[in-house]
Amino acid sequence: MQQLTKKQKMLARLKQFTLMNDDFMTRFFEDDKERVQFVLNTILGTRKIQVVEEVSQKVVKSLLGRSVRLDVFARDAKGRPYDIEIQRADKGAGAKRARYYSALMDADETVPNMEPEKLPESYIIFITENDIFNKGLPLYHIERVVNEINKPFNDKMHIIYVNGKYRGDDPVGWLMHDFNCLNASDMKNEFLAEKFRYLKENDKGVKYMCKIMEEFAKEEREEARAETQIETAVKLVITGKMTENEVQEFFNFTDNQMQEVKDKIANLN
């Protein structure tokens, strides 16, 4: 049997992408404020959100120097930040992850001497492959309340889970249908289908995606190599063969990579 060429493998992989693939989704919405705006207005049930900023794969750092990549970050005309995350694994959409992402977004919004009351209203939106709450609802809104008096805490921090399995005959159902489509011809929202068709069927769009996929593959190889080095460094330190300073110099680790080594060592103790 004739083996597939590298290009044929990439094209075959591209055909299998849906908007539930976070790599494809981030490229789909990259530099596309209008389509991000369409998704936000659909999920939040409004037409009033005007997106003025969009950043795919935005890096947000914590106070400890560690960072996370937000799939799609947006800001509207009122200054409110939004993070849209695709989560295919249920464990990737846990409560503490939502809390962590929200905290990082708040930290990213602060400037020296800023009054806490000036923190903007914010939204963390998880689009999950499964119905993680198993109630068949399209959306699950997470809001803090004062338990004793059943009154909203009103901290202006919102977490929303979108049920990727939902297929109701309404805008959210149509949106989730489209997020799971393999072909543009099957999509219900032509505004999304137009961009989807370009990236998967147009020669220029396909060429662009193939280039991105090559970059992804390179990053994955580099991350795998770095992870192997980190695991090796941990073993060298815990067995006393090298100090932390020595492994950092030997492997030429960044401060963030060295922090990973320290965290792994701490978890073993």
Side-chain angles (χ1 to χ4, degrees), residues 3 6 9-10 13-14 16-17 20-30 55-73 81 83-112 122 124-130 132 159 209-269:
Q3 289 188 337
K6 182 179 178 181
K9 288 179 180 178
M10 284 195 293
R13 187 181 176 192
L14 178 59
Q16 296 304 309
F17 281 158
M20 290 303 297
N21 176 281
D22 56 355
D23 289 337
F24 183 70
M25 187 272 284
T26 55
R27 298 308 168 185
F28 181 91
F29 290 111
E30 185 177 43
V55 182
S56 294
Q57 294 289 303
K58 179 178 179 177
V59 176
V60 179
K61 292 185 177 181
S62 73
L63 295 176
L64 296 177
R66 283 171 286 180
S67 60
V68 297
R69 290 180 182 270
L70 307 182
D71 286 347
V72 176
F73 172 85
D83 171 31
I84 305 174
E85 295 288 323
I86 291 292
Q87 292 294 343
R88 304 191 73 171
D90 291 357
K91 65 179 182 180
K96 288 187 177 179
R97 180 180 289 266
R99 173 183 169 185
Y100 182 58
Y101 276 41
S102 181
L104 287 182
M105 280 185 64
D106 278 349
D108 195 53
E109 292 295 317
T110 59
V111 295
S122 65
I124 305 289
I125 299 172
F126 287 114
I127 300 177
T128 60
E129 185 169 52
N130 300 311
I132 65 172
I159 298 171
M209 282 306 304
C210 286
K211 179 181 178 182
I212 292 299
M213 289 163 68
E214 286 183 346
E215 293 175 359
F216 284 157
K218 182 179 178 181
E219 289 178 3
E220 287 172 356
R221 288 194 297 269
E222 291 175 349
E223 288 175 359
R225 183 171 66 244
E227 184 62 26
T228 300
Q229 290 179 338
I230 287 171
E231 295 294 342
T232 301
V234 169
K235 292 178 182 178
L236 290 170
V237 172
I238 63 176
T239 57
K241 294 179 179 179
M242 281 189 179
T243 65
E244 291 180 357
N245 288 337
E246 286 172 338
V247 296
Q248 183 167 17
E249 183 177 353
F250 181 79
F251 289 107
N252 194 28
F253 283 155
T254 65
D255 289 342
N256 285 350
Q257 289 172 321
M258 198 58 215
Q259 185 62 50
E260 287 187 54
V261 173
K262 293 176 180 179
D263 289 345
K264 288 180 180 292
I265 292 171
N267 288 334
L268 292 172
N269 294 331

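FYI, side chains are in, hydrogens and waters are out, and symmetry mates aren't considered; it's all heavy atoms of this structure.
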Novice: Has Ser102 got a side-chain atom pairing as donor or acceptor with Ala98's backbone, closer than 3.5 angstrom?
Specialist: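 The answer is no, because no donor-acceptor pair under 3.5 Å joins these two groups.
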Novice: Find out whether Phe73 and Met105 are in side-chain contact, i.e. whether some heavy atom of one side chain is under 4.5 Å from a heavy atom of the other.
Specialist: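 Yes, at least one pair of side-chain atoms sits under 4.5 Å.
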Novice: Just how far is it from atom CD of Glu244 to atom NZ of Lys262, taken to the nearest 0.5 Å?
Specialist: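 Nearest 0.5 Å value for the CD-NZ distance: 5.0 Å.
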Novice: Any side-chain heavy atom of Pro81 sitting closer than 4.5 Å to one from Glu109?
Specialist: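 Yes, side chains in contact.
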Novice: Between Phe251 and Leu236, is there a side-chain heavy-atom distance shorter than 4.5 Å?
Specialist: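 Yes, their side chains come closer than 4.5 Å.
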Novice: Taking only residues two or more places apart in sequence, or in another chain, which ones meet Asp22 in a side chain to side chain contact (heavy atoms under 4.5 Å, CB included)?
Specialist: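 With sequence neighbours excluded, Asp22 shows a side chain to side chain contact (heavy atoms under 4.5 Å, CB included) to Asp71, Ile86, given in chain and number order.
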Novice: Could you check Glu246 against Lys241 for salt bridge (charged side-chain N to carboxylate O under 4.0 Å, His left out), going step by step and ending with a plain yes or no?
Specialist: CA-CA 9 Å; Glu246 286 172 338; Lys241 294 179 179 179; over 6 Å; no
Novice: What is the distance from atom CZ of Arg13 to atom CD of Gln16, rounded to the nearest 0.5 Å?
Specialist: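 It comes to 11.0 Å.
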Novice: Stepwise, does the side-chain contact (heavy atoms from CB on, under 4.5 Å) test hold for Asp108 with Lys58?
Specialist: CA-CA 11 Å; Asp108 195 53; Lys58 179 178 179 177; 3.0 Å; yes
Novice: Please determine whether a side-chain nitrogen of the Lys or Arg among Glu30 and Arg27 lies less than 4.0 Å from a carboxylate oxygen of the Asp or Glu.
Specialist: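 A salt bridge links Glu30 with Arg27.
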Novice: Distance from Lys264 atom NZ to Ile238 atom CD1, nearest 0.5 Å?
Specialist: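 Atom-to-atom, Lys264:NZ and Ile238:CD1 are 11.5 Å apart.
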Novice: For the CD1 atom of Ile125 and the CD1 atom of Ile159, what is their distance to the nearest 0.5 Å?
Specialist: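 Interatomic distance, Ile125 CD1 to Ile159 CD1, rounded to 0.5 Å: 11.0 Å.
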Novice: What residues, two or more places apart in sequence or in another chain, satisfy ring pair (Phe, Tyr, Trp, His ring centres under 6.0 Å) together with Phe17?
Specialist: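 Residues passing ring pair (Phe, Tyr, Trp, His ring centres under 6.0 Å) with Phe17: Phe24.
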Novice: Quick check: do Gln248 and Gln257 have side-chain heavy atoms less than 4.5 Å from each other?
Specialist: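 No, their side chains stay 4.5 Å or more apart.
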Novice: Shortest non-hydrogen contact from Val261 to Phe253?
Specialist: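 Shortest heavy-atom separation between Val261 and Phe253 comes out as CG2-CE1, 3.8 Å.
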Novice: Can you sort out the partners of Phe126 under ring pair (Phe, Tyr, Trp, His ring centres under 6.0 Å), two or more places apart, ordered by chain and number?
Specialist: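 With sequence neighbours excluded, Phe126 shows a ring pair (Phe, Tyr, Trp, His ring centres under 6.0 Å) to Tyr161, given in chain and number order.
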Novice: Do Ile127 and Met25 have side chains that get closer than 4.5 Å, going by heavy atoms?
Specialist: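 Sidechains of Met25 and Ile127: no contact.
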Novice: Taking all non-hydrogen atoms of both residues into account, name the closest pair between Thr26 and Ser56 and its distance.
Specialist: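 Residues Thr26 and Ser56, closest heavy atoms: O-OG, 2.9 Å.
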Novice: Closest approach of Met10 and Met213, non-hydrogen atoms and distance?
Specialist: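 Shortest heavy-atom separation between Met10 and Met213 comes out as O-CE, 3.2 Å.
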Novice: Answer yes or no: is there a side-chain heavy-atom contact under 4.5 Å between Gln259 and Asp263?
Specialist: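 Yes - at least one pair of side-chain heavy atoms lies under 4.5 Å apart.
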Novice: Are Arg97 and Tyr101 packed together at the side-chain level, in the sense that at least one heavy-atom pair is separated by less than 4.5 angstrom?
Specialist: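 They are in contact (side-chain heavy atoms under 4.5 Å apart), so the answer is yes.
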Novice: Would you say Glu249 has more than 12 foreign heavy atoms packed within less than 6.0 Å of its CD?
Specialist: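 Counting neighbours around CD of Glu249, 12 or fewer heavy atoms of other residues, nucleotides or ligands fall under 6.0 Å, so no.
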Novice: Taking atom CD1 of Ile230 and atom CE of Met258, what is their separation to the nearest 0.5 Å?
Specialist: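 Between atom CD1 of Ile230 and atom CE of Met258 there are 9.5 Å.
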Novice: Give the minimum heavy-atom separation between Glu85 and Arg69, together with the two atoms involved.
Specialist: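 Scanning both residues, the minimum pair turns out to be OE2-O, 4.0 Å.
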Novice: Would you check if the side chain of Thr110 reaches a backbone N or O of Ala107 as a donor-acceptor pair within less than 3.5 Å?
Specialist: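 Indeed, once roles are kept as given, a pair shorter than 3.5 Å links the two residues.
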Novice: Kindly compute the distance separating CD (Gln87) from CE (Met20), expressed to the nearest 0.5 Å.
Specialist: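 If I round to the nearest 0.5 Å, the distance is 9.0 Å.
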Novice: Verify, without hydrogens or angle tests, whether Asn21 (side chain) and Asp23 (backbone) share a donor-acceptor contact under 3.5 angstrom.
Specialist: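 Side chain of Asn21 to backbone of Asp23, a donor-acceptor pair under 3.5 Å: yes, one is there.
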